Enquirer: 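Once you've had a glance at the structure underneath, I'll fire off some questions.
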Amino acid sequence: MSEMVCNELVGAITAYLEGSLSDSDRRRFDAHIAECSSCTEYLAQMRETIDRLGNLDERSLTRETREGIIAAFRDWRAG
Amino acid sequence: MGPSDFSGTARLASLRAGDERAFTELVDELSSPMLKLAGVYVANQATAEEAVQEAWIVVLKSLNRFEGRSTLATWIFGIVVNIARKRGVREARSRPFSSFAETEDEAVMGPERFQSADDGWPGHWAIAPLPWPEHALETAETTQLIRDIVADLPEAQRAVITLRDMVGCAPGETCNALGITDINQRVLLHRARTKVRAALETAFGATVVLV
């Protein structure tokens with residue numbers, strides 16, 4: 001099994017994070033990360049990016065829209 | 001909070017029985033993800049609100065036919081996608097024939113980032129990532145930058161990264177809501193995440209030339 005190089009790791013990173021790499025590719029990925037500080041940094045940055053995307057903001061409906069939706073529910077319940 | 005929290009059959013029974021409190025709770029829990037998802041397809045907040053309201057009306061009309069093959073939230077997200085996409089086409093932000101099947105091999109990281117066959121270590125970094133400045137991710141400028149990058153992604157990539165990373169859906173839920181395959185979902189997510197990370201790196205100037 002050939003060693004993974006940096007550009008292959010970059011292409012496989014989402015599959016790695018998704019847990020969808022084959023066992024052998026996951027071992028090649030982990031072996032490369034253990035030796036390569038740049039790819040270790042790349043993986044860390046990808047995780048930070050994903051984490052940041054998940055904490056950007058919460059949105060909320062205007063009170064008017066929310067009340068409109070609840071009024072639609074009452075209409076629906078009334079048949 | 002993941003959308004899988006919304007899946008209970010007890011809750012579905014309460015809704016069908018006309019329990020207003022259960023309904024209101026669901027509306028409040030799902031409003032933020034529904035607005036984010038509608039925002040993938042429509043340009044402004046007012047239209048996104050209309051799409052969410054219209055989606056709830058469709059949900060109510062269809063509630064007794066919902067078979068529970070996906071979670072309640074996933075089913076609702078799929079309805080939001082359909083409605084917001086139609087509105088987006090009308091608004092002309094979203095292209096009518098934009099496809100989820102982006103099969104062409106789009107380069108997400110430029111080949112110049114890696115050493116060529118003529119260099120010492122083919123396939124290894126030529127321009128390597130450097131650590132990002134501490135706290136740089138947390139600034140208001142970065143938050144706005146990320147929003148702008150996501151807004152500029154192709155629609156299918158924007159939809160997937162919104163559901164997966166901004167709303168917190170599981171891969172299977174995302175496939176169901178968008179009607180795409182598992183592999184397609186992963187390719188789109190990969191492209192979207194790679195571009196967002198790369199844009200942050202550019203903004204932070206965090207690279208070093210190795211060869």
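Keep in mind that the numbers below use all heavy atoms, side chains included, and drop hydrogens, waters and symmetry copies. Keep in mind the model is a prediction, meaning the values are calculated, not measured. Every chain is numbered from 1 and lettered A, B, ... according to where its sequence line falls, protein lines coming before strand lines.
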Enquirer: With side chains defined as the heavy atoms from C-beta onward, is the minimum distance between B:Arg197 and A:Ile50 less than 4.5 Å?
Expert: no

Enquirer: Please name the pair of heavy atoms, one in A:Trp76 and one in B:Leu60, separated by the smallest distance, quoted to 0.1 Å.
Expert: NE1-O, 2.8 Å

Enquirer: What part of B:Asp182 gets within 4.5 angstrom of chain A, counting heavy atoms only: side chain, backbone, both, or neither?
Expert: neither

Enquirer: Would you mind checking which part of B:Leu35 comes under 4.5 Å of any heavy atom in chain A, side chain (CB onward), backbone (N, CA, C, O), both or neither?
Expert: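 For B:Leu35, backbone and side chain are both near chain A.
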
Enquirer: Which bit of B:Glu201 is near chain A, if near means a heavy-atom gap under 4.5 Å: side chain, backbone, both or neither?
Expert: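 For B:Glu201, the side chain is the part near chain A, not the backbone.
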
Enquirer: Answer yes or no: is there a side-chain heavy-atom contact under 4.5 Å between A:Leu61 and B:Met34?
Expert: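 Result no, sub-4.5 Å side-chain heavy-atom pair not found.
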
Enquirer: Could you go through A:Thr49 and B:Trp132, starting from their C-alpha distance and side-chain angles, then the distance that decides it, and tell me whether this counts as side-chain contact (heavy atoms from CB on, under 4.5 Å)?
Expert: CA-CA 11 Å; A:Thr49 300; B:Trp132 289 345; 3.5 Å; yes

Enquirer: For the CZ atom of A:Arg59 and the NZ atom of B:Lys36, what is their distance to the nearest 0.5 Å?
Expert: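 With rounding to 0.5 Å, CZ (A:Arg59) is 7.0 Å from NZ (B:Lys36).
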
Enquirer: Could you tell me if B:Thr142 and A:Arg52 have a donor-acceptor pair between their side chains, going purely by distance under 3.5 Å?
Expert: no

Enquirer: Side chain, backbone, both or neither: which part of A:Ser60 has a non-hydrogen atom closer than 4.5 Å to chain B?
Expert: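 Backbone of A:Ser60 only, per the 4.5 Å heavy-atom cut-off to chain B.
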
Enquirer: Given heavy-atom pairs under 4.5 angstrom as the criterion, report whether the side chain, backbone, both or neither of B:Leu200 touches chain A.
Expert: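 The answer is the side chain of B:Leu200.
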
Enquirer: How many angstroms lie between CH2 in B:Trp125 and SG in A:Cys36, if you round to the nearest 0.5 Å?
Expert: 8.0 Å

Enquirer: What is the distance from atom CG of B:Leu130 to atom CD of A:Gln45, rounded to the nearest 0.5 Å?
Expert: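 Between B:Leu130 CG and A:Gln45 CD, I get 8.5 Å after rounding to 0.5 Å.
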
Enquirer: Got a donor-acceptor contact below 3.5 angstrom from the B:Glu49 side chain to the A:Glu64 backbone?
Expert: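 No; zero donor-acceptor contacts below 3.5 Å.
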
Enquirer: Go through it in stages, so that I can follow the logic: the residues are A:Tyr42 and B:Met109, the test is side-chain contact (heavy atoms from CB on, under 4.5 Å), and I'd like the CA-CA distance, side-chain angles, deciding distance and then a yes or no.
Expert: CA-CA 12 Å; A:Tyr42 189 88; B:Met109 285 281 281; 3.9 Å; yes

Enquirer: When the ring planes of A:Phe73 and B:Phe23 are compared, do they come out parallel, tilted or perpendicular, using 30° and 60° as the limits?
Expert: parallel

Enquirer: Of the backbone (N, CA, C, O) and the side chain (C-beta and beyond), which part of B:Glu50 lies under 4.5 Å from a heavy atom of chain A, both, or neither?
Expert: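 When you check distances to chain A, no heavy atom of B:Glu50 falls under 4.5 Å.
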
Enquirer: Identify which part of B:Trp56 has an atom lying under 4.5 Å from any heavy atom of chain A, answering side chain, backbone, both or neither.
Expert: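 The side chain, not the backbone.
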
Enquirer: Roughly how far apart are B:Gln144 CD and A:Leu56 CG, rounded to 0.5 Å?
Expert: 9.5 Å

Enquirer: Which heavy atom of A:Arg66 sits nearest a heavy atom of B:Thr24, and at what distance?
Expert: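 Shortest heavy-atom separation between A:Arg66 and B:Thr24 comes out as NH2-CG2, 3.0 Å.
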
Enquirer: Enter the distance from B:Ile127:CD1 to A:Ser38:OG here, rounded to the nearest 0.5 Å.
Expert: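 So the gap between those two atoms works out to 12.0 Å.
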
Enquirer: Name the member of B:Ile161, B:Leu137, B:Ile146 that forms the most heavy-atom pairs with chain A at distances under 4.5 Å.
Expert: B:Leu137

Enquirer: Is it true that atom CD of B:Glu138 has more than 12 heavy atoms of other residues, nucleotides or ligands lying nearer than 6.0 Å?
Expert: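 Result for CD/B:Glu138: enclosed.
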
Enquirer: For the atom pair CG (B:Asp165) and CG (A:Asn55), what is the distance rounded to the nearest 0.5 Å?
Expert: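 Reported to 0.5 Å precision, the distance equals 11.0 Å.
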
Enquirer: Side chain, backbone, both or neither: which part of A:Asp57 has an atom under 4.5 Å from a heavy atom of chain B?
Expert: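 Both parts, backbone and side chain.
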
Enquirer: Identify the heavy atoms of A:Leu53 and B:Met166 that sit nearest to each other, and give their distance.
Expert: O-CG, 3.5 Å

Enquirer: List the steps, then state whether side-chain contact (heavy atoms from CB on, under 4.5 Å) holds for A:Arg77 with B:Arg16.
Expert: CA-CA 9 Å; A:Arg77 185 174 57 187; B:Arg16 284 177 173 157; over 6 Å; no

Enquirer: Using non-hydrogen atoms and a 4.5 Å limit, figure out which bit of A:Ser37 sits close to chain B: side chain, backbone, both or neither.
Expert: neither

Enquirer: Should the pair A:Glu18-B:Arg186 be classified as a salt bridge under the 4.0 Å nitrogen-to-oxygen rule?
Expert: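 Answer for the salt bridge query: no.
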
Enquirer: Where do B:Val52 and A:Thr65 land on the side-chain contact (heavy atoms from CB on, under 4.5 Å) test, with the steps shown first?
Expert: CA-CA 9 Å; B:Val52 169; A:Thr65 304; 5.8 Å; no

Enquirer: Pick one of side chain, backbone, both or neither for B:Asp19, based on which atoms fall under 4.5 Å of a heavy atom in chain A.
Expert: backbone

Enquirer: Tell me whether B:Ile183 at atom CD1 has more than 12 heavy atoms from other residues, nucleotides or ligands lying less than 6.0 Å away.
Expert: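 Not more than 12 within 6.0 Å, no.
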
Enquirer: Could you tell me whether A:Glu35 atom CD has more than 12 heavy atoms of other residues or ligands within 6.0 Å of it?
Expert: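 No, CD of A:Glu35 has 12 or fewer neighbouring heavy atoms, counting only those of other groups under 6.0 Å.
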
Enquirer: At a heavy-atom distance under 4.5 Å, which candidate from A:Ile70, A:Ile13, A:Leu17 has the highest pair count against chain B?
Expert: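 With the most close heavy-atom pairs to chain B, the winner is A:Ile70.
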
Enquirer: What I'd like to find out is whether the side chain of B:Trp121 reaches to under 4.5 Å of the side chain of A:Cys6, using heavy atoms alone.
Expert: no

Enquirer: Does any heavy atom of chain B fall under 4.5 Å from the side chain of A:Leu9, the backbone, both, or neither of them?
Expert: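 When you check distances to chain B, no heavy atom of A:Leu9 falls under 4.5 Å.
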
Enquirer: Given side chains that start at C-beta, do those of A:Met46 and B:Thr194 come closer than 4.5 Å, heavy atoms only?
Expert: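 A side-chain contact exists here, since the closest heavy-atom pair is under 4.5 Å.
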
Enquirer: Under a 4.5 Å heavy-atom cut-off, does chain A meet the side chain of B:Pro131, its backbone, both or neither?
Expert: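 Answer is both: backbone and side chain atoms of B:Pro131 are under 4.5 Å from chain A.
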
Enquirer: Show the nearest heavy-atom pair for residues B:Ser32 and A:Glu58, with the distance to one decimal.
Expert: OG-OE1, 3.1 Å

Enquirer: Of all heavy-atom pairs between B:His190 and A:Val10, which one has the smallest distance, and what is that distance?
Expert: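 The answer is CE1-O, 3.1 Å.
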
Enquirer: With a 4.5 angstrom heavy-atom cut-off, is it the side chain or the backbone of A:Ala15 that approaches chain B, or both, or neither?
Expert: both

